[in-house]
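Numbering of ligands and ligand atoms starts at 1, following listing order.
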Amino acid sequence: MFEESFVMAFLEVKDLHASIEGKEILTGLSLNVNKGEVHALMGPNGSGKSTFANVLLGHPKYTITSGDIFVKEQSILDLSTDERSKKGIFLGFQYPIEISGVGYSHFLRNAYNTLSKSLGQDQQNRDVFITVREFHEYVKRNLDYVGLDPSFLGRYLNEGFSGGEKKRSEVMQMLVLKPNIAILDEPDSGLDIDAVKAVADAINKLLATDAGVVVITHYARILRYLTKLDHVHVMARGRIIKSGGKELSEELESKGYGWLGIEDK
Ligand code: ADP
Ligand code: MG
């Protein structure tokens, strides 16, 4: 519809320029993500995909030199990382870090409750868990969903997890927390086929809560498992140079990046 073009997206990234140690990495990135939408962000190594994810959540290493990021029409540039996540923005890391001493279950319960409080009436369908036991049952269902053993609840966050377990763990956390928008940085890298399917299923489950998702990936495979895929974007040298639908991801899978005038490094 004509009027729809005037409605702002839940997340709006506008002509973003960001640098690190004086080197410009993001060179005018624009992207709108609404709830319920699935975007794939592809592009050669070093094109700035992870930088974008980090900048979105306010990583202190990067300096934004121009442009803006809006959540529900409000700039989030002055907000700290935790304030940004309290708006319901979730980042699944390309390289999840191990945090010894932070209990998995305790961490999730605190994060869930904090997010529920800050989203308030903004997000319906958030369950209230009165007891620790109730919350554990909820997490266990989600662990089971991504194929992780309930014993993970008793461990420290990501400590000693295998590469595949870390990736499953990232999307499990996402499912438990129920963000409005999830940015997943290569959730499928290094995974065997069953694990890719489990991660895709978790994304599909989140989609059923009307969340928006940005999947950063090199491969069409994970995208084929998703129940929907609205937009595919190709990033090169710090900005989106081409957008299309699912067919674009298939084209990239078969042809690589050369035909776009960019090369994988
Ligand atoms: P992608 O995720 O698309 O592979 P990244 O966002 O990780 O790309 O990296 C984008 C570019 O930023 C790369 O050229 C990388 O070398 C550069 N970069 C990342 N961190 C630093 C840093 N600390 N100092 C200088 N350059 C960096
Ligand atoms: Mg990356």
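Other residues, nucleotides and ligands place more than 12 heavy atoms under 6.0 Å from the CZ atom of F70. Taking a 6.0 Å sphere around NZ of K255, one finds it holds more than 12 heavy atoms contributed by other residues, nucleotides or ligands. More than 12 heavy atoms of other residues, nucleotides or ligands lie within 6.0 Å of NZ in K35, so this atom counts as buried by the packing criterion. Atom OH of Y112 has more than 12 heavy atoms from other residues, nucleotides or ligands within 6.0 Å.
If you number the atoms of ligand 1 from 1 as listed, the ones under 4.0 Å from a heavy atom of K23 come out as 14 (O), 17 (C), 26 (N). In summary, the atoms of ligand 1 found under 4.0 Å from a heavy atom of N45, numbered by their order in the structure, are 4 (O). Counting atoms of ligand 1 from 1 in the listed order, those under 4.0 Å from a heavy atom of T51 are 5 (P), 6 (O), 9 (O), 10 (C). Those atoms of ligand 1 with a heavy atom of I25 less than 4.0 angstrom away are 10 (C), 11 (C), 12 (O), 17 (C).
None of H59, Q94, K49 except one satisfies the side-chain contact (heavy atoms from CB on, under 4.5 Å) rule with N54; the exception is H59.
Salt-bridge check for D127 with K178: passed, with a basic side-chain N closer than 4.0 Å to an acidic carboxylate O. The residues E21 and K61 are annotated as not salt-bridged, no charged nitrogen and carboxylate oxygen being separated by less than 4.0 angstrom. For D82 and K86, the salt-bridge test passes: some basic side-chain N is under 4.0 Å from an acidic carboxylate O.
Checked against the 6.0 Å centroid criterion, the rings of F152 and Y104 do not qualify as a close aromatic pair.
Checking only distances, Y62 never comes within under 3.5 Å of ligand 1, N or O to N or O. At under 3.5 Å, not a single nitrogen or oxygen of Q94, backbone or side chain, sits near a nitrogen or oxygen of ligand 1. Close N/O approach between K61 and ligand 1 is not found [any backbone or side-chain N/O within under 3.5 Å]. In terms of polar-atom proximity, G46 is counted as a contact of ligand 1, with an N or O under 3.5 Å from an N or O of the ligand.
Looking only at atom types and distance, the side chain of H39 has a donor-acceptor partner in the side chain of E37 under 3.5 Å away.
For K197 and Y225, the positive end sits near the middle of the six-membered ring, less than 6.0 Å away and at most 45° from its axis.
Using a 4.0 Å cut-off between heavy atoms, E21 contacts ligand 1 through its side chain alone, with no backbone atom that close.
Residue contact annotation: G48 has a non-hydrogen atom under 4.0 Å from ligand 1.
Around the Mg ion (ligand 2), the protein atoms of type N, O or S that sit closer than 2.8 Å are S50 OG, Q94 OE1.
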